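For reference, the structure discussed in these notes is given below.
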Amino acid sequence: MEIYLDNCATTRVCDEAAAACLRAMTAEYGNPSSLHRKGLEAESILTETRKTIGQMLSCPPECIRFTASATESNNLAILGSAAARPHGGKTIVITAVEHSSVENAAAALEKKGYTIRRVHPRPDGHFAVEDFLNAVDDDTLLVSFMMVNNEIGTVLPYETLIPALRRKAPKVLLHMDAVQGFTKYPVSMKRLDLDFLTFSGHKLYAPKGIGVLYIKKGTRLFPLAYGGGQEQGLRPGTEAVELVAALKEALLLCQRDGRLWETKYRALNQRLREGAAALPRVSVNSPEDGAPNIVNLSVLGIRSEIMLHFLEEKGIYVSSGSACSKGAKSPALAAFGLTPERIDSALRISFSRETTEDEVDALLAALEDGIRRLRPVIEKNGKELP
Ligand code: PLP
């Protein structure tokens, strides 16, 4: 039995994407820069995928650049903006709960003399538009914020934040890391006036190694690497055509599934929350109005890793915080105001389109078993329970 509930870390590649990937590797294997038919065949995969993404984001296909990951896209947006505006502002506004690819890119600029302002969630765990507006001034170059937090699922108020920032500071660049939100919530570049938007293939049933960066027409950005001029010079290197082919199929699948997922996720979310409420000393850390596919909870008194491996023995895979942090204490959970006890025992459960109610029930039963078996051992070893 294998129950995979770590879909915010990565997803199983869908069959359609895997088939497209294989086809591109074994049949449509030309280099898209080659002038012959095999090259054109490969190039048309890039063109078609750009069109699909353009339709989904309501933007021209030329605004889409392929990268190797959302990490790379985030770095390109942040470091590339700073490089493109050397005489522009020297302040960058981010949130205190960003993924390390945004936090560390900003921190690298901080070392070069930039000021980084980190907007914190309010005590209720939500972000206030006003706090972003107060963080922006004449020296601000860029505001970069995530759409959905990857650890507890908080949805940022991007629908109101973007127009409010545009009104207050029309010249400031705006970047949204939409890795955990794109395809779950509608995202239209006609409605959201962003300069940059990032997402990643492997979070939505495409393989690892393909990221996307949307760049608004007219927004200048400098590349981080130099080479053959691919991706309009911004991301040189032969494009990973097979991954781009897979991405298109995965996106079409997400589109076909539509918002059905939201109802499905809501039902799973409620089932898990109700079940968790009946377990001793379990508390849910995710907000009620967060992304329904993410439930972060703490089994107080049992360290995350211990419960994670106990569940693993039963074939159930969850995460202790975000996969990238590999067990390191999460600064984001602390910024959300979670106590150290809660952070130490936090588990992130994240659903996919394939998750079933039976799997949620199996998780709840395994958690109950874990609490029954692990608690006495921990207590006997003299470790105090909070
Ligand atoms: N941004 C967020 C919000 C994420 O959750 C992740 C991955 O967990 C990333 C960026 C990085 O994505 P990638 O693995 O494609 O580099």
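Since the model is a prediction, treat every value here as computed from it, not as a measurement. Counting convention: from 1, in listed order, for ligands and their atoms alike.
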ask   = Is there a side-chain hydrogen bond (donor to acceptor under 3.5 Å, both in side chains) between S298 and N285 once you walk through the steps?
value = CA-CA 7 Å; S298 294; N285 302 318; 2.9 Å; yes

task = Under the side-chain hydrogen bond (donor to acceptor under 3.5 Å, both in side chains) rule, what do E98 and S144 come out as? Steps first, then yes or no, please.
result = CA-CA 9 Å; E98 291 302 321; S144 176; 5.0 Å; no

request  = Answer yes or no on whether K38 is positioned over the face of Y29, meaning its NZ or CZ is under 6.0 Å from the six-membered ring centre and within 45° of the axis.
outcome  = yes

request  = Identify, by atom number and element, the atoms of ligand 1 in contact range of M146, meaning under 4.0 Å from any of its heavy atoms.
outcome  = 3 (C)

request  = Answer with side chain, backbone, both or neither: which part of K208 has a heavy atom less than 4.0 angstrom from an atom of ligand 1?
outcome  = neither

remark   = Under 4.0 Å from one or more heavy atoms of S69, ligand 1 contributes atoms 15 (O), 16 (O)

remark   = Logged contact type for S101 with ligand 1, heavy-atom cut-off 4.0 Å, is side chain

inquiry  = Closer than 4.0 Å to some heavy atom of D177 - which atoms of ligand 1 meet that?
reply    = 1 (N), 2 (C), 3 (C), 10 (C)

query = Once the angle between the rings of F336 and F127 is folded into 0 to 90°, is it parallel (under 30°), tilted (30 to 60°) or perpendicular (over 60°)?
reply = perpendicular

note = The complete set of side chain to side chain donor-acceptor pair (under 3.5 Å) pairs with one or both residues in residues 160-169, sequence neighbours excluded, reads R166-D193, R166-D195

query = Of the backbone atoms (N, CA, C, O) and the side-chain heavy atoms from C-beta on, which set of T71 has a member under 4.0 Å from an atom of ligand 1: side chain, backbone, both, or neither?
reply = both

task = Determine whether any heavy atom of K203 lies closer than 4.0 Å to an atom of ligand 1.
result = yes

Q232 vs R65, side-chain hydrogen bond (donor to acceptor under 3.5 Å, both in side chains): CA-CA, chis, key distance, verdict = CA-CA 8 Å; Q232 299 170 53; R65 306 295 199 292; 3.1 Å; yes

key: Residue pairs, two or more places apart or on separate chains, that pass ring pair (Phe, Tyr, Trp, His ring centres under 6.0 Å) and touch residues 198-221   = F182-F199, Y205-W261

query = Relative to the heavy atoms of H202, which atoms of ligand 1 are at a distance of less than 4.0 Å?
reply = 13 (P), 14 (O), 15 (O)

remark   = So for E72 against ligand 1, with non-hydrogen atoms under 4.0 Å, the contacting part is neither

Under 4.0 Å to a heavy atom of S200 - the qualifying atoms of ligand 1, by number = 13 (P), 15 (O)

